[in-house]
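Chain letters run A, B, ... following the sequence lines, proteins first, then strands; residues in each count from 1.
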Protein chains: 4
Amino acid sequence: MSDTKEEWIEELLRGDEEGRKMTEKQSRIVQAAIEVFAEKGYAASSTNEIAQRAGVAEGTIFRHYKTKKELLLGIVAPAMTKLITPFVLRGFNNVLDSEYDSYDQVLRAMIENRIEFLRKNRNVLKILMQEIPFHPEMQERFQREVLGVVLERLKRIVAKFQTNGHMAELPSATVVRLSISAIMGYIAVRTFYGEREDAVWDDEREREDTIAFVMRGLGLTR
Amino acid sequence: MSDTKEEWIEELLRGDEEGRKMTEKQSRIVQAAIEVFAEKGYAASSTNEIAQRAGVAEGTIFRHYKTKKELLLGIVAPAMTKLITPFVLRGFNNVLDSEYDSYDQVLRAMIENRIEFLRKNRNVLKILMQEIPFHPEMQERFQREVLGVVLERLKRIVAKFQTNGHMAELPSATVVRLSISAIMGYIAVRTFYGEREDAVWDDEREREDTIAFVMRGLGLTR
Amino acid sequence: MSDTKEEWIEELLRGDEEGRKMTEKQSRIVQAAIEVFAEKGYAASSTNEIAQRAGVAEGTIFRHYKTKKELLLGIVAPAMTKLITPFVLRGFNNVLDSEYDSYDQVLRAMIENRIEFLRKNRNVLKILMQEIPFHPEMQERFQREVLGVVLERLKRIVAKFQTNGHMAELPSATVVRLSISAIMGYIAVRTFYGEREDAVWDDEREREDTIAFVMRGLGLTR
Amino acid sequence: MSDTKEEWIEELLRGDEEGRKMTEKQSRIVQAAIEVFAEKGYAASSTNEIAQRAGVAEGTIFRHYKTKKELLLGIVAPAMTKLITPFVLRGFNNVLDSEYDSYDQVLRAMIENRIEFLRKNRNVLKILMQEIPFHPEMQERFQREVLGVVLERLKRIVAKFQTNGHMAELPSATVVRLSISAIMGYIAVRTFYGEREDAVWDDEREREDTIAFVMRGLGLTR
DNA sequence: GATGAATGAGGCTTCATTCAT
DNA sequence: TATGAATGAAGCCTCATTCAT
């Protein structure tokens, strides 16, 4: 198994959603599955290869997960929960809380948080994005538990800055969309360049340019 | 076969990349493959189902394409070519040419063009996006023949507006990224809402808001 | 494959229930399946072994029968039809028709017919009897299409002899039951002894004793 | 586990053939196995399901029985012994002893005894009948220890009635066969009707009709 | 060119059995 | 004695691909 150990797996190890503990073998299976799924896609991955990479017998996989699909969901479902954590947590350590004086602080915090998340969960995120279109249950769950929650939270934060007298003419949903677009575009290109050595990418500057762009676009000043 | 006939297929019918003509059966195969690949993903699609939907024998597929993968490439490769057409064409009907006085016209033209393209080629685009991560040849070709060409073209257009005295402080690549991010975010959300009936989405307004946002963000006025 | 070729397969070869022709390979598969199912029971038979005995690839089985169970039904269903043939046919060659003057002729004809049937279809009959308890669809079909038809026919024949002034005190269903019990008991023991060499079994005498027993039991004279 | 507790298990509990005592867990395993085997057939039953129904761990089964087959034999072997009990016991409570004045009393006693046995051991009997054809050891043992013993005993009883001046012309084995056929036919149909509610089955009458039929058939009067 | 029966490798899953705890 | 995680062989079935017609 390679060294791309996804961080959130550590939480899984302490006990999965149903509260059961994970054995060491099960955790190796999940690790291997994440790798293989990310590498080849769910449908093109074989349980045989997963078992080999995990160093277990193929049958062992099915002692923990009734089907290959259940294994996929066992990876993706907790990832969704993890995805929204910073948006539902309140108080200390909260990324998007009310203690931000200016919207650019919100943007900066989001960028940092999402980059950190991406760094730790790249493979699982890749699986999530690849498989969502083909699994209606995943789709529905994503919309309900992730999109819904996150957008609601962001809209409220934006609304707060709007009542403070800024960004008056735009619906808060639109503000959220424009902000996220810019951030995701930045992260996407950054990630792309991060993988190539020949790149000329001044990360600090691009980030600040992006934030400034959004602020200006929304009619805000720092 | 459904009625979602992808527009570009008409061009394929007249002759593929190597200049050969396509028979009617081959075209039915390609149509069916596009449908099935888009629906289930390449790896989860069976040549058997494709043959059935195309109304041909399974063997017939392999008369035209040596392997299943070659069939995929036979769909994806011309799609890539099509993807850059408006960016390489000059003169009449040219989407992004120099005859635009203001950058917002460029943005508006891009939006319209890409929406139109998406409308006509949704399934092929879906396949392209889904499969690119798993096929290095496709990746490389996409970067070289699509990304490279399009970005270069856009950077030059942006540069023109910059020498005209606008957007001075930003690298043209950054301007392109910010513009595309906003446009893609708009199109993505629009597409998402377009599929749901309960939506409150004032398309005209969102589009203009987006363009205005980019213009302000870049420090431009109409 | 052994030489226990079941006779009815010849009819299958000319076309199965849905009217399709059977290829030579398919017929070999059916032959092999009958052998293996009879030998080990349906659940303990492997499609792998069937394929080997049929001299085809395992996949070939599933080209003709979607599942192993469908293969079973493809064997058992026509057997059921065959089972009732002598009871539904009328006129010439009809085993149980009205041209019998005495009930003992009926009994004798039934015995001969069933023995002949058993001789030709021993394996399929064994499968039928073994599997019926575990497959509700087979059960239902058997009751409806075999039991129902046969009993009805026999009851009518018996009724005819009853109106002729014999067996007055017994319900016709009871007469049928008693007749069949005796016949089946005879056939069972005969079959059992037929397989052992050390047997002392005077078939002609046992048969006539059985018929005489039934006749006397029903209060009839020849 | 359901409430269909087979009666003979009580004897097993007190000690199996080799004289060892059965623990409570082992008895639960046997109970569960009887249920599952009867329901799905031996080959289609999984030790996993048996363990679950017995409320024990899968490994526990193999502590008591080296293999799944041994578990089957552990059920079937004592059942065979039980099957012949009334035929070997003498004196009080003896079903078929010499104290019967008339053969119809023998028949009536056999019927009652076998019905009672069936009532108490339906599942085990079903297993026995289902599996005997596939296990040569069981076959042989059945013939030697059950068939042989029972037939011998019955033939002697019949012989007694024959020397008393009845049934002169028939071999005693034939008499036994005809008697058993009639009884089994009666019990079979009775069992079949007993499971359906819509039935018109006058049990008392059918039984007496059957006995009278045999008596007449053998040339006897009550 | 078109067909579709045939293939056999490989996929997912089940299962009896073992063994460390 | 009892457990239940682990095994790996084997089971059923799917699939891309071939080839005789």
Side-chain angles (χ1 to χ4, degrees), chain A residues 21-26 28-29 43-51 54-71, chain B residues 23-26 28-29 42-52 54-71, chain C residues 21-26 28-29 43-51 54-71, chain D residues 23-26 28-29 42-52 54-71:
Chain A
K21 301 288 183 303
M22 244 188 178
T23 71
E24 198 250 340
K25 287 227 157 112
Q26 179 167 10
R28 288 223 308 275
I29 289 169
S45 301
S46 80
T47 51
N48 173 37
E49 176 166 5
I50 293 170
V56 302
E58 206 170 347
T60 306
I61 293 177
F62 295 92
R63 185 149 281 286
H64 295 287
Y65 301 91
K66 268 201 288 289
T67 62
K68 186 186 165 196
K69 175 127 184 212
E70 206 174 78
L71 173 56
Chain B
T23 73
E24 199 251 342
K25 285 220 159 120
Q26 181 169 12
R28 287 222 308 276
I29 289 169
Y42 168 74
S45 301
S46 75
T47 51
N48 172 42
E49 178 166 1
I50 293 170
Q52 269 180 250
V56 303
E58 216 171 338
T60 308
I61 293 178
F62 294 90
R63 222 143 253 304
H64 295 283
Y65 302 90
K66 257 205 298 290
T67 63
K68 185 184 163 196
K69 176 129 185 208
E70 209 172 77
L71 173 57
Chain C
K21 303 285 184 305
M22 244 189 178
T23 72
E24 198 251 340
K25 287 228 158 110
Q26 179 167 11
R28 288 223 307 278
I29 289 169
S45 302
S46 79
T47 52
N48 173 38
E49 177 167 3
I50 293 170
V56 302
E58 205 171 348
T60 306
I61 293 178
F62 295 94
R63 185 150 282 286
H64 295 286
Y65 302 91
K66 267 202 289 291
T67 63
K68 185 186 165 196
K69 175 126 184 213
E70 207 174 78
L71 173 56
Chain D
T23 73
E24 198 250 340
K25 284 215 160 127
Q26 181 170 9
R28 287 222 309 274
I29 289 170
Y42 168 74
S45 301
S46 76
T47 51
N48 172 43
E49 178 166 3
I50 293 170
Q52 270 180 252
V56 302
E58 216 171 340
T60 307
I61 293 178
F62 293 90
R63 219 143 256 302
H64 294 284
Y65 302 91
K66 259 206 296 289
T67 64
K68 186 185 164 195
K69 177 129 185 211
E70 208 173 76
L71 172 56

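- How far NZ of C:K25 is from NE2 of C:H64: 8.5 Å, rounded to the nearest 0.5 Å.
- At distances below 3.5 Å, not a single donor-acceptor pair connects side-chain atoms of C:Q26 with backbone N or O atoms of C:M22.
- The side chain of C:K25 lies closest to E:dT7 when the candidates are E:dT7, F:dA6, E:dT3.
- Partners of C:K69 by side-chain hydrogen bond (donor to acceptor under 3.5 Å, both in side chains), not counting sequence neighbours, listed by chain and number: C:H135, C:E137.
- For D:Q52, the side chain to side chain contact (heavy atoms under 4.5 Å, CB included) partners are D:N48, not counting sequence neighbours.
- Scanning DNA chain E for stems, defined as runs of 3 or more consecutive Watson-Crick or G-U wobble pairs whose donor-acceptor distances all fall under 3.5 Å, gives the following ranges: E:2-21 with F:2-21.
- By the side chain to side chain contact (heavy atoms under 4.5 Å, CB included) test, C:A43 pairs with D:A43, D:A44, sequence neighbours left out.
- C:T23 has no side-chain polar atom (N or O) that falls below the 4.0 Å cut-off from OP1 or OP2 of E:dA5.
- Shown here are the side chain to side chain contact (heavy atoms under 4.5 Å, CB included) partners of C:S45, two or more places apart in sequence or in another chain: C:V36, C:F37, C:K40.
- Both tests hold for B:K68 against B:Y42: distance to the six-membered ring centre under 6.0 Å, angle to the ring axis within 45°.
- When the nearest nucleotides of DNA chain F are assigned to D:I61 and A:T60 by heavy-atom distance, the more 5′-ward of the two goes with D:I61.
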For this session: Going 5' to 3' through nucleotides 13-21 of chain E, assign each nucleotide B (protein heavy atom under 4.0 Å from a base atom), S (under 4.0 Å only from sugar-phosphate atoms) or - (no protein heavy atom that close).
Result: BBSBBB---
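- When the side-chain nitrogen and oxygen atoms of A:H64 are compared with OP1 and OP2 of F:dA6, one or more of them lie within a distance under 4.0 Å.
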